[in-house]
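Worksheet: the structure to be examined is printed underneath.
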Amino acid sequence: LTCRDIGGYISTISSLTEREDRYRTLFHESPLGFIHVNSDGFITDCNAAFLNIFHFFRDEVIGICLPEQEEFGAYPRFVRAAMDAVKGMSSQHETYFTSQEGTFEGWLRVTFSPVKSDSQVFLGAVGVVEDITESKQIAERVSFISSHDALTGLYNRHSCEDAIAGGLGGAEDLPLGVLYADLNGLKLANDAFGHAEGDLLLKTIAAIFRDTGNPSDLIFRWGGDEF
């Protein structure tokens with residue numbers, strides 16, 4: 001009769017099981033899209049978020065070989081990133097993506113990382129896909145607000161100063177014409193008809209500048225009634 005204390009073994013198995021359960025929960029419940037690709041380029045698993053982002057059904061992607069696929073034909077960069085990760089190269093990129101069926105259109109951030117065994121053998125890759133369309137739109141809106149006049153939609157004084165500091169008027173811009181305009185009677189319009197009519201006057205002048213200028217012209221509202 002041989003007896004052996006297997007308490008440590010049971011504890012290790014229990015710990016591994018707990019870690020696997022945590023990982024499985026993270027994988028399947030995450031709002032980020034997750035995908036597993038084996039060392040041969042076959043998709044072995046993905047979560048619901050990944051399917052929702054690309055508007056796929058699970059049986060459409062599980063088991064396909066990425067280098068030979070058609071499902072991601074509209075997104076060759078995704079395939080290249082996945083296969084590079086299988087070879088040991090991590091990567092991250094952002095792209096504006098439109099699916100072949102037109103079911104998704106927006107910005108994606110995709111990160112691929114290689115998966116290695118304890119002996120440093122490449123087992124495949126894991127990809128994380130995030131729909132960043134809303135954050136991109138917010139960033140674009142913030143950028144627009146910071147560089148444009150809220151009333152007229154023209155570039156603001158800050159943008160003008162940035163353009164000058166950035167080298168506007170260099171050799172590549174020559175010949176360069178500069179027009180400075182001051183709107184007479186704005187205060188009178190505000191006092192006589194109200195600020196709403198004064199604002200309408202400013203917007204009308206801005207529209208005239210836009211409609212009569214060239215697409216390459218830079219039009220700024222310097223402030224007040226000055227353009």
Side-chain angles (χ1 to χ4, degrees), residues 6 8-146:
I6 60 171
Y9 174 77
I10 295 298
S11 177
T12 300
I13 294 298
S14 177
S15 177
L16 289 174
T17 301
E18 183 179 342
R19 289 168 58 186
E20 183 179 349
D21 289 342
R22 287 200 301 265
Y23 173 78
R24 186 181 294 110
T25 300
L26 173 65
F27 182 86
H28 288 290
E29 301 300 327
S30 173
L32 304 178
F34 278 89
I35 181 174
H36 282 167
V37 181
N38 70 13
S39 58
D40 295 319
F42 286 88
I43 297 177
T44 58
D45 202 1
C46 66
N47 67 354
F50 179 88
L51 298 174
N52 290 335
I53 290 173
F54 286 100
H55 290 260
F56 286 147
F57 291 105
R58 186 174 177 83
D59 57 5
E60 290 180 312
V61 294
I62 299 301
I64 70 170
C65 183
L66 280 175
E68 302 171 358
Q69 55 69 49
E70 295 181 357
E71 285 78 0
F72 291 92
Y75 195 178
R77 192 174 183 182
F78 182 90
V79 177
R80 291 196 302 271
M83 298 315 297
D84 285 344
V86 169
K87 299 172 185 175
M89 293 177 284
S90 299
S91 66
Q92 183 180 89
H93 68 269
E94 295 179 0
T95 188
Y96 192 82
F97 173 71
T98 303
S99 65
Q100 288 178 309
E101 298 79 9
T103 50
F104 177 84
E105 184 175 352
W107 283 95
L108 298 178
R109 178 185 293 126
V110 179
T111 305
F112 268 102
S113 302
V115 177
K116 295 183 288 186
S117 68
D118 292 339
S119 57
Q120 300 302 302
V121 175
F122 288 109
L123 303 176
V126 60
V128 182
V129 183
E130 181 181 3
D131 181 357
I132 58 171
T133 304
E134 184 176 354
S135 61
K136 279 283 188 182
Q137 291 171 341
I138 292 173
E140 290 172 0
R141 180 60 181 163
V142 169
S143 176
F144 182 89
I145 291 173
S146 67

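Quick caveat, the model's predicted, so the values are computed rather than measured.
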inquiry  = How close do Thr44 and Val37 get, counting heavy atoms only, and between which atoms?
reply    = OG1-N, 4.4 Å

query = CZ of Arg77 to CG of Asp84: how many Å apart, nearest 0.5 Å?
reply = 11.0 Å

ask   = To the nearest 0.5 Å, what is the distance between CG (Leu108) and OH (Tyr96)?
value = 10.0 Å

task = Considering non-hydrogen atoms only, spot the tightest contact between Leu51 and Cys46 and give its length.
result = CD2-SG, 3.6 Å

inquiry  = How long is the straight-line distance from NZ of Lys116 back to OG of Ser39, given to the nearest 0.5 Å?
reply    = 14.5 Å

key: Parallel, tilted or perpendicular, as decided by the 30° and 60° cut-offs, for the rings of Phe56 and Phe50   = tilted

ask   = Within the side chain of Asn38, is there an N or O that forms a donor-acceptor pair under 3.5 Å with the backbone of Gly124?
value = no

query = Sequence neighbours excluded, which residues qualify as salt bridge (charged side-chain N to carboxylate O under 4.0 Å, His left out) partners of Asp40?
reply = none

ask   = Which pairs pass side chain to side chain donor-acceptor pair (under 3.5 Å) with one or both residues in residues 134-146, sequence neighbours excluded?
value = Glu94-Lys136

ask   = Which distance, rounded to the nearest 0.5 Å, do you find between the CD1 of Ile62 and the CD1 of Ile43?
value = 6.5 Å

key: Contact summary for Val126 and Val115, nearest pair of heavy atoms   = N-CG2, 3.9 Å

key: Partner set under side chain to side chain donor-acceptor pair (under 3.5 Å) for Asp45, not counting sequence neighbours   = Arg58

Nearest-0.5 Å distance, CD of residue Glu130 to OG of residue Ser30 = 9.0 Å

ask   = Excluding sequence neighbours, so at least two apart, what forms side chain to side chain donor-acceptor pair (under 3.5 Å) with Thr111?
value = Gln92

task = Mind listing the closest non-hydrogen atom pair of Gly33 and Ile53 along with its distance?
result = N-CD1, 4.2 Å

note = Those residues at least two apart in sequence (or on a different chain) that pass side chain to side chain donor-acceptor pair (under 3.5 Å) with Thr133 are Asp131

ask   = Cys65 and Phe42: which non-hydrogen atoms are nearest, and at how many Å?
value = CB-CE2, 3.5 Å

note = Here the pair of heavy atoms bringing Ser90 nearest to Pro114 is OG-CD, 3.1 Å

key: Ring center gap for Phe54 and Phe97 short of 6.0 angstrom   = yes

key: Heavy-atom side-chain contact between Val86 and Phe112 under 4.5 Å   = no

task = Measure the CD1-CZ distance between Ile132 and Arg109 for me, rounded to the nearest 0.5 Å.
result = 4.5 Å

ask   = Among all residues two or more places apart in sequence or in another chain, which pass the ring-ring contact (aromatic ring centres under 6.0 Å, His included) test with Phe57?
value = none

